[in-house]
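Note that the coordinates shown come from a computational prediction; the quantities given were computed from them, not determined experimentally. First the proteins, then the strands, lettered A, B, ... as listed; each starts at 1.
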Amino acid sequence: MAEHEAYDIHGVEAKWLPIWDQIQPFKSGRADDARPKRYVLDMFPYPSGDLHMGHAEAYAMGDVIARYWIHKGFNVMHPIGWDSFGLPAENAAIKRGSDPREWTYENIAVQKASMRRYACSFDWDRVLHTSDPEYYRWNQWIFLQMYKKGLAYRKDSPVNWCPHCQTVLANEQVVAGLCERCDTAVTKKKLNQWYFKITDYADRLLDDMDQLEGKWPEKVLQMQRNWIGRSIGAEVTFEIEGRESPITIYTTRPDTLYGATFMVVAVDSPLAAELVQGTGVESEFAKYLETIKAASDIDRLATDRPKSGIFLHRYAINPVNGEKLPIWASDYVLADYGTGAIMAVPAHDQRDLDFARAMKLPVRVVVATGEEDPVETGIATVGEGQLINSGSLDGLSKTEAIAAITQELSVKSLGRAAKNYRLRDWLISRQRFWGTPIPIIHCPDCGEVPVPESALPVELPSAQGLDLKPAGTSPLGAADEWVNVPCPQCGKAAKRDADTMDTFVDSSWYFLRYTNPDDTAQAFDKKLVAEWAPVDQYVGGVTHAILHLLYSRFFTKVLHDIGLLNFTEPFTRLLNQGMVLMDGSAMSKSRGNLVRLSEQLDTHGVDAVRISLIFAGPPEDDIDWSDVSPSGSLKFLNRAWRISQDVESKAGVDFTTGDVALRKLTHKALRDISLAVETYRFNVAVARTMELVNATRKAIDSGCGPADPAVREAAEAIAISLSLVAPFTAEEMWSLLGHAPSVALAGWPTIDPALLAEDSVTAILQINGKIKDRIEVSPDISDAKLEQLAIANPEIAAALLGATIVKTIVRAPKLVNIVI
RNA sequence: GCCCUGGUAACCCAAUGGUAGAGGUAGAGGACUUAAAAUCCUUUCAGUGUCGGUUCGAGUCCGACCCGGGGCACCA
């Protein structure tokens, strides 16, 4: 056997990186490139420090797909950028007394270097940073388009407020009722803020998910459906004693209208405040409202909190039977869902029943469900049943009754079918410095005036001299020179809106910008976007399952409606990689189980780390790094690399003259690897590559020998397959095999179908589904012939002695099952 | 509570309804070596969470339950 040099993994890295920089194998979209286009996108990172193991896993997976599609002949765009606005940069700046720009761009440089070392197949000519004015000016432009369409608006609304940080928090920054930064209990505060009207798109966001079925993880689709939370029901109007106009309530159970025994309005709604006027219980009401307002989210979220409320001494009239229903105010009805008022049907709604029992209110069963009486059990009966005590609805089923009463109410103009959503409009204002300034100027005379498009970008001022510490209002308000501007309409002294946009705005359309990131004339070129987008394959963590993906889908639909896009869903296929854990839990410094990517790369090399991450299990599953063996991966890479050293035939040799047995294994492996990659079973693709390496080793040592062309064919197949996951080893092998770089552009070998055919297959002979024997048969054997062989088989014949054959199932060439 | 996921060997994981075991890790033995490492070869272990159903045949499909992970949750 030939003596092998030791495989120098770090030497190989240093050798090939500069060569790839010259070749630029991943440059996409050259004008003369006729290959069909594909778009692979990794979720871009936030530049907080260096890349971690999670990034490494995600980028390894995006790379598998991008590199595979290049081999398959596509012109693949695989860009990267940085989601570089955000709070951590601001915090770092406060701590250091510097500008957030410094920390941000330093970290970007660090991450970029790591990505290059990691050999990501990114097109480095398409980089973008969302904190560049050249990028965020288009955030502002899109904001103005939304403003024109009435999709960006301001309103007073209770928002999440952290009393310690003195700032508004997004819903996602409230974790179990606490501020994610300082663990202070979050309260509600009424503020005037900017919103995007995502609720206008609720139905489309929900219904268009049909397009994504089977292409996005079911889990994500389900989470989005939950989040949007469409509810179908009816609105019903109730006359109110001593009030001119009626009150409309929303219900999903209009069939139970005859079972309503009281009405509840949200205690913090304007309606409640109005109804209580002149009733004599104003002071009790005010006291109750105070206690509710003081309650934190923590209290609100407590599951078995007892019901509370106050009787308003007012009455509503049930439109179907004229009954007088007492009106109560309570916090279990939400002011901002439906109409902020409900009819309470305690017999068939658990919350209403709990309230009725607490307040000693009557309960009337109107659906006979066959379950025990809710008055006795305290358990509301919500199931199917037949309507009773319900006038014209008596005898109908629940479903029939819903249809009938909705129709009846509609005819009498007492109600109508209605929908409601859990989804709320998207609050985008932030009292922060490090974000996109909102392009609005507030003029004492003209009011809200949009910044003219020609005056974009509204650039962030220097942080120098500004106090970035959270103080309840945006630090930008104190930047006098920046904030004080003449009104674009009347020229009088006016002030810029000092808030910045939620950073989720930045990431809602960045995938469009990659098609031409340096375009200074427009956000994106309609034609280029039509060529590349939508994204064929999106890869990223499930942590963004709701917000980022929902917002991007919303933006895509808005931009489509403006006429800028010819599609309505941004990401055709989505892959969520799992997390990288250590000893069963998420890595963190404080937990002491942090595994540093850079140290792993130093110890085992880039390729071994990449293979380990890919081979550890299915991409969607979490990986526990303690289950992973990077040294084992390195051993495998060594084995593969040594094969390329053993090959004795020359490059270009005619493979068809090679050993057929090995050739068959090679072609089967290539087919299996293709299939595995296309179905996201990257771990299986690696396993098949390992098998091929083992088979080739055997062929060299004790089979056809190293000079056989089949060995070269196998070695080249290994190099190409490995190029998906271990680019350095693959390139080194390719070079040792006498080829010029880069293996990334070698193309996927053509699979010869003739070599996929088996010489013989093992047929299983069963009696009653139990295996009796196996025989080798020709793969194209007929059912009849196989059955004949089975009956002639001694094991089968013995079992058949004296038995009657009930049935014989023949599945040539694999199986015969005889039922006796 | 509702919904989505998953449960296969000591461990990570494979198996278009048709031979449960592909691959790896760990362990054991052997070859080579003064020895070790590296390399090569050989090899132990389970019957698919539980119960029931469909089927000639179930890890795979259906139902219920148990356990793990995730989402939503006073949304009428």
Report the C-alpha separation of A/Lys419 and A/Asp203 in whole Å, then their side-chain angles, then the decisive distance to 0.1 Å, and conclude whether the salt bridge (charged side-chain N to carboxylate O under 4.0 Å, His left out) test is met. CA-CA 10 Å; A/Lys419 283 186 282 191; A/Asp203 275 327; 2.8 Å; yes
Pick the closest RNA chain B nucleotide for A/Tyr332 and for A/Ile771 by heavy atoms, then say which residue is nearer the 5' end. A/Ile771
Output the rounded distance in Å from CE (A/Met223) to P (B/G69). 16 Å
Given atom CH2 of A/Trp625 and atom P of B/U25, what is their separation to the nearest angstrom? 14 Å
Could you tell me whether a side-chain N or O of A/Thr252 sits under 3.5 Å from a main-chain N or O of A/Gly233, the two making a donor and an acceptor? no
Annotated protein contacts, base or backbone, on nucleotides 4-16 of chain B with a non-hydrogen cut-off under 4.0 Å, one of B, S, - each: SS-----SSSSS-
Please name the pair of heavy atoms, one in A/Ile247 and one in A/Ala341, separated by the smallest distance, quoted to 0.1 Å. CG2-CB, 4.1 Å
In whole Å, measure the gap between the C1' atoms of B/U33 and B/A15 for me. 41 Å
With rounding to the nearest 0.5 Å, note down the distance linking OG in A/Ser308 to OH in A/Tyr288. 2.5 Å
Please state the P separation for the pair B/C62 and B/U25 - nearest whole angstrom. 36 Å
Which whole-number value in Å describes the distance from A/Ile611 CD1 to B/U25 P? 12 Å
Would you check if A/His544 and A/Asn576 make a side-chain contact, meaning some heavy-atom pair closer than 4.5 Å? no
Interatomic distance at P, B/A36 relative to B/A31, whole Å: 11 Å
Which part of the nucleic acid, if any, lies within contact of A/Asn694, taking any heavy atom under 4.0 Å across all strands shown: a base, the sugar-phosphate backbone alone, or nothing? sugar-phosphate
Whole-Å distance separating the CD1 atom of A/Ile232 from the P atom of B/A76: 11 Å
Using atom P in both nucleotides, what's the gap between B/C11 and B/G1 to the nearest angstrom? 31 Å
N/O-N/O pairs, protein side and nucleotides 53-57 of chain B side, under 3.5 Å:
residue, atom, partner, partner atom, Å
B/C56, OP1, A/Lys807, NZ, 2.7
B/C56, O2', A/Asn817, ND2, 3.2
B/C56, O2, A/Asn817, ND2, 2.2

Please evaluate residues A/Asp672 and A/Lys668 with respect to the criterion salt bridge (charged side-chain N to carboxylate O under 4.0 Å, His left out), reporting the C-alpha separation (whole Å), side-chain torsions for both, the decisive distance (0.1 Å), and the verdict. CA-CA 6 Å; A/Asp672 289 353; A/Lys668 239 169 265 166; over 6 Å; no
NA contact type, A/Ser231, heavy-atom cut-off 4.0 Å: base, sugar-phosphate, or nothing? sugar-phosphate
So A/Val333, base contact, sugar-phosphate only, or nothing? Heavy-atom distance under 4.0 Å. base
From B/G18, B/G71, B/G23, nucleotide with atom closest to A/Asn226 side chain: B/G71
Atom pair OG1 (A/Thr729) and CG (A/Asn638), whose distance is rounded to the nearest 0.5 Å: 8.5 Å
To the nearest angstrom, how far is A/Leu637 atom CG from B/U39 atom C1'? 16 Å
Okay, side chain of A/Asn768, backbone of A/Ile820: is any donor-acceptor separation there less than 3.5 Å? yes
With respect to the phosphate group of B/C40, does any side-chain polar atom (N or O) of A/Arg642 fall under 4.0 Å of OP1 or OP2? yes
Could you give the distance separating B/U5 and B/G63 at their P atoms, to the nearest angstrom? 11 Å
What's the closest nucleotide to the side chain of A/Met690 if the choices are B/A76, B/G23, B/C72? B/G23
Students often get this wrong, so: under 4.0 angstrom with heavy atoms, is A/Arg230 touching a base, only sugar-phosphate, or nothing? nothing
A/Leu423 CG to B/G71 C1': how many Å, rounded? 15 Å
Counting side-chain heavy atoms from C-beta on, which of B/G18, B/A22, B/C72 comes nearest to A/Trp227? B/C72
Is any side-chain N or O of A/Tyr337 closer than 4.0 Å to OP1 or OP2 of B/A76? yes
Could you tell me the separation between the CZ atom of A/Phe636 and the P atom of B/C40, rounded to a whole number of Å? 12 Å
If you take the centroid of each ring, where Trp contributes its six-membered ring, are A/Phe262 and A/Phe355 closer together than 6.0 Å? yes
Just do the side chain to side chain donor-acceptor pair (under 3.5 Å) check on A/Glu776 and A/Ser760 with the steps written out, would you? CA-CA 6 Å; A/Glu776 288 299 311; A/Ser760 73; 2.8 Å; yes
Determine whether A/Arg422 and A/Asn226 satisfy the following criterion, side chain to side chain donor-acceptor pair (under 3.5 Å), listing intermediate values before the conclusion. CA-CA 8 Å; A/Arg422 212 197 68 96; A/Asn226 270 345; over 6 Å; no
Say we look at B/U50 and B/A14: how far apart would their C1' atoms be, to the nearest angstrom? 24 Å
Given the C1' atoms of B/U8 and B/G59, what is the spacing between them in whole Å? 7 Å
So what is the 5' to 3' dot-bracket string for RNA chain B, if pairs are Watson-Crick or G-U wobble with both distances under 3.5 Å, crossing pairs use [ ] and | means the partner sits on another strand? (((((((..((((....[..).))).(((((.......))))).....(((((..]....))))))))))))....
Round to a whole Å and report the spacing from CZ of A/Arg225 to P of B/G70. 21 Å
Side-chain donor or acceptor of A/Asn793 paired with backbone N/O of A/Asp773 under 3.5 Å: no
Would a distance-only check, ignoring hydrogens and angles, find a side-chain to backbone donor-acceptor pair under 3.5 Å from A/Lys398 to A/Thr369? no
Between B/U60 and B/G6, how many Å separate the two C1' atoms, rounded to a whole number? 14 Å
So what does A/Lys770 touch, heavy atoms closer than 4.0 Å: a base, only the sugar-phosphate, or nothing? nothing
Hey, are A/Asp352 and A/Arg253 close enough for a salt bridge, meaning a charged N less than 4.0 Å from a carboxylate O? no
